[in-house]
Each structure stands twice: as structure tokens, then as C-alpha cells.
2 protein chains.
Amino acid sequence: MNGKEIRRSMPLFPIGTVMQLTELTARQIRYYEEHQLISPARTDGNRRLFSLNDIDRLLEIKDLIDQGVNMAGIKQLFLVKEQHANEQEQEMKKVKRELTDEGLRKLLRNELLHSGRLNSPSLRQGDLSRFFH
Amino acid sequence: MNGKEIRRSMPLFPIGTVMQLTELTARQIRYYEEHQLISPARTDGNRRLFSLNDIDRLLEIKDLIDQGVNMAGIKQLFLVKEQHANEQEQEMKKVKRELTDEGLRKLLRNELLHSGRLNSPSLRQGDLSRFFH
DNA sequence: AACAATATGTCAGAAAACCTGACATGGTTT
DNA sequence: AAACCATGTCAGGTTTTCTGACATATTGTT
């Protein structure tokens, strides 16, 4: 299903809530946006509205910063991750197209091995699984 | 697991977001609170913060109102529902205590038949499953 | 029909939350 | 030491939300 991605990208949270959820200051969050690590939506009145994906990202950012990575580094990491995710996506589609017995077994094995690797923070720690089931 | 209930009752959303999610006006939402159909948390600055459970409730309320039920009726419905949920809870605990083979079969059968009936809107339509997986 | 109650709309004034932009500061890197 | 990076802090302005009051349309009651 892909309504899931829609849900996870739906702009819902004001910055105050995000501050609490991530334990980042407003300043930090705005700074990361300034450096294009996140792109939260805006309300009509120009207030930021964050999605679950945004929050996941912020938690990843926090983690990386703790590990000494700087803005540029994080940006690069996100880039390659996204690329990788896209490749995977393509691979999935391809495999699904040639849905022979053989292909099916391959697909299933892959999904079991790296289950949910798309869009889920592959860098351990701090995702939102604790908030939403 | 019960962290789930914690997550679902975590105060996250300001009234503006809830308005959009439920398509209720602020006036309506406050009115329902006034009549104790919901009890959203408050921020330090006295602003309402709604949980996923609150939003589920609001959607139920909306549904019931559409069907002509008034405040008092809805309140009663919620009361009996909660009672029922508690009874079920007790029953569950009891069955789990006497976890004989027999009890186990009974438990499983029950869980399969009415799966997830606790805390999920037993009145059909309008819950948040569309937003969070 | 007249009246009361219910659910919601609308407005006003005040307080809280958020916005951007600027400058300050403590660590790092060069 | 100079420059840079990530963050803190402050100011002035805008948006959002708060409560309380009054208006109104629909429904229920006498």
C-alpha cells in the first residue's frame, strides 16, 4: 500500500510539538531547514507544519550531529540514501513485472531480509515507532 | 503491548490541525469539550493539545451527530462503551491468568473474532486508520 | 403558535505561539 | 589569531488560540 507514504508525509505538527518530540530547539529546526535538510510545509499564515517523515528526518539529523557530522555531510547522506531508495524501488518494480515463480521467491526473500528498508531510517535509533504503532 | 495506548493518548495536535483532520469548527470542538465528550490536554499556555484518541472520538461524535444523536446520547454511548471495554479487559486478564489449554483456545478465538475491539471505534466509519498505519 | 433548549456562528479583546532577521558566543578548523 | 559553524537570544510583527458574550436556526415542548 502507498497510502502509508501519503499519511507519513501529511503536514500535521506545529514546531512546538516537534520541539518536544525531537528535543531540538526551534532555532535548530529552522537552521536545518535553512540548510535544506528538511522542507516542512507551511500553513496559510506561514507557520511550519511538519509531517511524520519530517520528524523522522529530524531525529536522524540529531543523531548524525551527535556523531559529529556537519550539515553538508548530512545532506550528502540523505542524497545517497534517497538514491538508493529509488534504485530499490525500481528493482522492486522490475521484479514484480517478471513475476515468475523464480522472481517471486527472490522478491520475498529480499523483503524478508531487509524488511521495511525503504523510507525507514536505516541509521539506527530515534524513529517514531515509539509514537505510532 | 501497551505503549500503543500511550502513543495514542499523547497530546500532539493543536486545534487548527484537528479542525482540518475532522472537518469540525473550533466552536464545535470546544462545545463538545464543554459537554465533556472529550478532554484534550493543555499546553502551559492553556492551548488545547489533542491526541489521536481525541481525534478518533471527535470523528465518532461527528458521525453520531450526523445520525441525530445529541450530546447526552453521545455521552451515554461513550459511557457504556467504556464500561464494556473495561469488562472485556477484566475478562482478558482473568482468562490469561487461568492459562490452561482450554483457556488459551478460548482467548485466541475471542481475539480473532473481535480483533482490536478495545479502544477502537466500534461504531463504524471515521477513525484515523487512514492517517496512521 | 409560542416558548424553551440545543447546536453552531460570529465577534471582541487578550494571551500564546510562531515568524524573520540580526547580533552574540563558544567550539572547531585553518 | 581569523574564520567558520552551530546554536542562543532578543525584538518587532503576524497568526493562532483562548474565553465569554450575543445571535440564530433547528428541534422539542407546552
Side-chain angles (χ1 to χ4, degrees), chain A residues 10-52 54-55 57-79 123 126, chain B residues 10-52 54-55 57-79 123 126:
Chain A
M10 179 175 290
L12 293 174
F13 308 96
I15 203 172
T17 300
V18 176
M19 289 172 62
Q20 296 194 174
L21 253 32
T22 62
E23 296 179 283
L24 292 167
T25 68
R27 183 64 167 90
Q28 287 174 298
I29 296 170
R30 295 191 192 111
Y31 187 69
Y32 303 150
E33 179 185 12
E34 198 176 331
H35 287 264
Q36 299 155 65
L37 301 184
I38 50 171
S39 304
R42 298 286 182 134
T43 157
D44 287 343
N46 196 37
R47 300 180 113 104
R48 273 165 265 254
L49 273 191
F50 299 78
S51 68
L52 289 174
D54 290 328
I55 296 179
R57 275 209 154 202
L58 285 171
L59 291 170
E60 289 187 65
I61 293 171
K62 194 180 179 192
D63 217 54
L64 290 170
I65 292 230
D66 281 352
Q67 304 182 30
V69 185
N70 64 8
M71 299 295 107
I74 298 176
K75 195 186 289 192
Q76 287 309 310
L77 279 170
F78 283 171
L79 268 178
L123 311 130
Chain B
M10 179 175 292
L12 293 174
F13 307 96
I15 204 171
T17 300
V18 176
M19 288 171 64
Q20 295 194 177
L21 254 30
T22 60
E23 296 180 284
L24 292 167
T25 68
R27 183 64 167 89
Q28 286 174 298
I29 295 170
R30 295 192 193 110
Y31 188 69
Y32 303 150
E33 180 185 10
E34 196 176 333
H35 287 264
Q36 299 155 62
L37 300 185
I38 50 171
S39 304
R42 298 286 182 132
T43 156
D44 287 344
N46 196 37
R47 302 181 112 109
R48 273 166 264 253
L49 273 191
F50 299 78
S51 67
L52 288 174
D54 289 327
I55 296 179
R57 276 209 153 202
L58 285 171
L59 291 170
E60 289 186 66
I61 292 171
K62 193 182 180 191
D63 216 55
L64 290 170
I65 291 231
D66 281 351
Q67 306 184 31
V69 185
N70 65 8
M71 299 293 109
I74 297 175
K75 195 184 290 191
Q76 287 309 309
L77 277 170
F78 283 171
L79 268 178
L123 311 129

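A, B, ... follow the sequence lines: proteins, then strands. Residue 1 opens every chain.
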Which atom names give the shortest non-hydrogen contact between V18(B) and L58(B), and what distance separates them?
CG1-CD1, 3.5 Å
Quick one: R30(B) CZ to dG20(D) P, roughly how many Å, whole number?
11 Å
Quick check: does any side chain N or O of R47(A) sit under 3.5 Å from a backbone N or O of P14(A), one acting as donor and the other as acceptor?
no
Could you measure the distance from the CD atom of E33(B) to the CG atom of D54(B)? Nearest 0.5 Å is fine.
9.0 Å
Can you check the I29(B) CD1 to dT19(D) P distance for me, whole Å?
13 Å
I15(A) CD1 to dT20(C) C1', straight-line distance once rounded to whole Å
12 Å
Shortest non-hydrogen separation from I74(A) to I65(A) and the atoms involved:
CD1-CG1, 3.8 Å
Let me know the distance between CD of Q67(A) and C1' of dT28(C), rounded to the nearest Å.
18 Å
Rounded to whole angstroms, how far apart are CD on Q20(A) and C1' on dA17(C)?
13 Å
Collect all protein-nucleotide pairs involving nucleotides 5-8 of chain D in which both atoms are nitrogen or oxygen and the distance is under 3.5 Å.
from	atom 1	to	atom 2	distance (Å)
dA6(D)	OP1	M71(A)	N	3.1
dA6(D)	OP2	Y31(A)	OH	3.1
dT7(D)	OP1	Q28(A)	NE2	3.0
dT7(D)	OP1	Y32(A)	OH	3.1
dT7(D)	OP2	Y32(A)	OH	2.8
dT7(D)	O4	R27(A)	NH2	3.1
dG8(D)	OP2	T25(A)	OG1	2.6
dG8(D)	N7	R27(A)	NE	3.3
dG8(D)	O6	R27(A)	NE	3.3
dG8(D)	O6	R27(A)	NH2	2.8

Which residues within residues 41-48 of chain B lie with some heavy atom under 4.0 Å of an atom in DNA chain C?
T43(B), G45(B), R47(B)
Closest non-hydrogen contact found for K75(B) with H35(B) is CE-O, 3.3 Å
Here the pair of heavy atoms bringing R57(B) nearest to I38(B) is CB-CG2, 3.9 Å
Distance, rounded to the nearest Å, where F13(A) contributes CZ and dC18(C) contributes P
14 Å
side-chain contact (heavy atoms from CB on, under 4.5 Å) assessment of F13(A) paired with R48(A)
CA-CA 8 Å; F13(A) 308 96; R48(A) 273 165 265 254; over 6 Å; no
Between L37(A) and I61(A), which heavy-atom pair has the shortest distance, and what is it?
CB-CD1, 3.7 Å
